[in-house]
Amino acid sequence: MLSPCRCTPEAERELRALFGVPEGESVGAVEAEFREVPYFLVARSREKWTPERGDINELLICGADDRGLFLDPDGAARRMTLVPWHNVVSLTLSTGEVSSDKGSAAE
């Protein structure tokens with residue numbers, strides 16, 4: 001499952017360091033794919049979801065370290081769940097502005 005992600009400022013700094021992206025370069029989009037879908041994503045029922053919350057599959061990355069990704073299941077930066085790196089199939093960081101129609105970085 002591919003999940004679009006938002007990042008807290010701290011997580012963006014940590015991902016920049018992990019990927020070697022310079023501070024001056026903008027991060028356009030982050031996407032994560034998991035080996036197994038974390039239970040908290042499945043448990044986030046449509047009853048609790050509202051259109052104001054946006055994409056039900058969007059994740060809030062609160063941090064990253066040598067253990068894995070820290071995600072907030074509520075998308076409000078109040079709780080953190082560790083998803084170990086061995087459960088992360090891919091983590092894509094796009095630099096520059098991302099075009100909504102092409103999904104690729106713009107020049």
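Residue Phe34 holds its CZ atom at 8.5 Å from CG of Leu91, rounded to the nearest 0.5 Å. Arg6 CZ to Leu60 CG: the interatomic distance, rounded to the nearest 0.5 Å, is 4.5 Å.
Counting heavy atoms of neighbouring residues, nucleotides and ligands inside a 6.0 Å radius, atom CD of Glu36 does not exceed 12 of them.
A single hydrophobic cluster is not seen to contain both Leu69 and Val89; linkage of ILVMFWY side chains at heavy-atom distances under 4.5 Å, directly or through other members, places them apart. Linking Ile, Leu, Val, Met, Phe, Trp and Tyr whenever their side-chain heavy atoms come within less than 4.5 Å leaves Leu2 and Leu93 in two separate clusters. Using a 4.5 Å cut-off between side-chain heavy atoms of Ile, Leu, Val, Met, Phe, Trp and Tyr, with links allowed through other members, Val83 and Ile61 fall into the same hydrophobic cluster.
Judged purely by atom type and a 3.5 angstrom limit, Asp72 has no side-chain atom pairing as donor or acceptor with the backbone of Met80. Counting only distance, with no hydrogens or angles, the side chain of Glu31 and the backbone of Ser3 share no donor-acceptor pair below 3.5 Å. A donor-acceptor pair is defined here as one N or O able to donate and one able to accept, closer than 3.5 Å; such a pair exists between the side chain of Arg16 and the backbone of Pro22. Panel note: side chain Arg67, backbone Leu82; no donor-acceptor pair is recorded below 3.5 Å.
Using a 4.5 Å cut-off on side-chain heavy atoms (C-beta onward), Phe70 and Thr81 make no contact.
Heavy atoms only, all atoms of each residue included: Cys7 and Glu12 are closest at CB-N, 4.0 Å. Of all heavy-atom pairs between Ala11 and Cys62, the closest is CB-C, 3.5 Å. The two residues Asp65 and Trp85 come nearest to each other via the heavy atoms O-NE1, 2.6 Å.
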